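The next block holds one structure in the form of structure tokens; read it before the comments.
Quantities reported herein were computed from a predicted structural model and do not represent experimental measurements. Counting starts at 1 for both ligands and their atoms, in listed order.
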Amino acid sequence: MKVMVAVKRVVDYNVKVRVKADQSDVDIGNVKMSMNPFDEIAVEEAVRLKEAGKASEVIVVSLGVKQCEETLRTALAMGADRAIHVETNEQLQPLAVAKLLKAIAKQEQPQLFLLGKQAIDDDANQTAQMLAALLSAPQGTCVSKVNLSADEVIVTREIDGGQEQLGLKLPAVISVDLRLNEPRYIKLPNIMQAKKKPLEKKTVAELGVDICSHLIQIRVTEPKARAAGIKVADVAELVARLKTEAKVI
Ligand code: AMP
């Protein structure tokens, strides 16, 4: 069973991004970029499925600028078998990503898709849902447990009220949440091996997908600075202040 994992190159989660002087966007020149943390969890899960003998091949896909190759090499070092890079300098919105992934799925016929529940740059939380809709495939979002069998995957979802279990007929699309697993630490020999693994290049034109944007970004601004908090001596003072100053109780 082929498992396909979508990995996005994003600003590293430790970086505090700044808005460009002209407010046209955030400034990502010269900042550290990494694999989207949720996608690392998705790759880890796919590799574990392969190690458990439940998946035959793990294919990682990234869409974006040339440097996405580095992100794909990281996924290969984690244990993925091969990579596909759709190189483009265009800003891709979730619908364009979903359409491109669908076009690749048509060629590769994976039985299971693993995506992050959201990319930490746009925080859209849309791509997996759109991909499932385009493929008319069952979807499980915000998944914290995966139990894969030959024609079905049972997932546990993190929902507001607690947990929900769903059985999805394959092929299915899953978006993974934080508690699914802890991604492995990559060792040097794995990095060396990853350099020899296949990384195929594709273009948007080849895939025949219209990636034109349906949104216009008007302006990006910093959130308002928060006023400093205060420390109270005890609960009595807290209650008093909530009553008299904040007037919330
Ligand atoms: P989003 O809907 O933008 O929050 O992204 C959700 C997930 O879709 C990510 O965690 C990735 O698994 C996948 N994804 C989004 N954009 C890309 C991209 N450019 N290349 C590969 N995967 C992507």
Side-chain angles (χ1 to χ4, degrees), residues 3-13 17 25-26 28 33-47 49 58-76 78 80 82-105 107-108 110 112-135 137 139-144 146 155 157-158 172-181 183 199-204 207 209-215 217:
V3 178
M4 184 170 278
V5 189
V7 294
K8 185 175 188 186
R9 180 177 181 267
V10 295
V11 173
D12 189 90
Y13 70 95
V17 286
D25 208 340
V26 287
I28 58 164
M33 305 291 284
S34 302
M35 188 189 307
N36 183 42
F38 292 105
D39 304 353
E40 256 186 84
I41 295 170
V43 175
E44 175 66 34
E45 195 64 19
V47 172
L49 289 172
V58 176
I59 307 161
V60 283
V61 182
S62 194
L63 322 170
V65 293
K66 171 143 183 57
Q67 294 89 329
C68 292
E69 283 174 16
E70 294 160 20
T71 315
L72 287 168
R73 289 284 170 212
T74 306
L76 292 171
M78 287 176 74
R82 62 187 171 92
I84 298 173
H85 179 206
V86 181
E87 190 170 332
T88 172
N89 291 330
E90 296 296 322
Q91 284 266 14
L92 296 173
Q93 286 169 0
L95 184 58
V97 174
K99 285 181 183 171
L100 288 165
L101 291 175
K102 180 190 174 193
I104 298 170
Q107 300 172 344
E108 295 287 345
L112 185 65
F113 280 93
L114 292 174
L115 289 86
K117 81 162 179 183
Q118 72 196 66
I120 62 163
D121 51 1
D122 62 14
D123 272 339
N125 185 347
Q126 292 174 357
T127 309
Q129 296 88 328
M130 288 175 169
L131 175 62
L134 292 174
L135 293 170
Q139 59 175 292
T141 54
C142 306
V143 163
S144 58
V146 170
V155 296
R157 301 184 58 225
E158 306 219 337
V173 179
I174 291 176
S175 79
V176 309
D177 213 329
L178 210 58
R179 272 168 287 274
L180 179 60
N181 62 46
L199 192 158
E200 190 187 340
K201 291 279 198 176
K202 289 186 192 287
T203 64
V204 173
L207 294 168
V209 173
D210 172 13
I211 58 164
C212 88
S213 169
H214 298 275
L215 298 175
Q217 187 162 297

Provide, line by line, the atom pairs where ligand 1 and the protein bring an N/O atom each to a distance under 3.5 Å; else say none.
from     : atom 1 : to   : atom 2 : distance (Å)
ligand 1 : 2 (O)  : N125 : N      : 3.4
ligand 1 : 2 (O)  : Q126 : N      : 2.9
ligand 1 : 2 (O)  : T127 : N      : 2.8
ligand 1 : 2 (O)  : T127 : OG1    : 2.7
ligand 1 : 3 (O)  : D122 : OD1    : 3.0
ligand 1 : 3 (O)  : D122 : OD2    : 2.9
ligand 1 : 4 (O)  : A119 : N      : 2.7
ligand 1 : 4 (O)  : D122 : OD1    : 3.4
ligand 1 : 4 (O)  : A124 : N      : 3.3
ligand 1 : 4 (O)  : N125 : N      : 2.8
ligand 1 : 5 (O)  : T127 : OG1    : 3.4
ligand 1 : 10 (O) : N36  : ND2    : 3.0
ligand 1 : 10 (O) : D39  : OD1    : 2.5
ligand 1 : 10 (O) : G116 : N      : 3.2
ligand 1 : 12 (O) : A6   : O      : 2.8
ligand 1 : 12 (O) : D39  : OD1    : 3.1
ligand 1 : 12 (O) : G116 : N      : 3.0
ligand 1 : 19 (N) : L63  : O      : 2.8
ligand 1 : 20 (N) : L63  : N      : 3.1

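Proximity of a side-chain donor or acceptor of N36 to a complementary backbone N or O of I120 within less than 3.5 Å is detected. Side chain of N125 to main chain of Q118: no donor-acceptor pair is present (N/O by atom type, distance under 3.5 Å, no hydrogens or angles).
Listed by first and then second residue, the side-chain hydrogen bond (donor to acceptor under 3.5 Å, both in side chains) pairs that reach into residues 88-100 are Q93-S213, sequence neighbours excluded.
In this view, E40 satisfies the side chain to side chain donor-acceptor pair (under 3.5 Å) rule with no residue, not counting sequence neighbours. In this structure Q139 satisfies the side chain to side chain donor-acceptor pair (under 3.5 Å) test with no other residue, sequence neighbours excluded.
No more than 12 heavy atoms of other residues, nucleotides or ligands shown are found within 6.0 angstrom of CD1 on I28.
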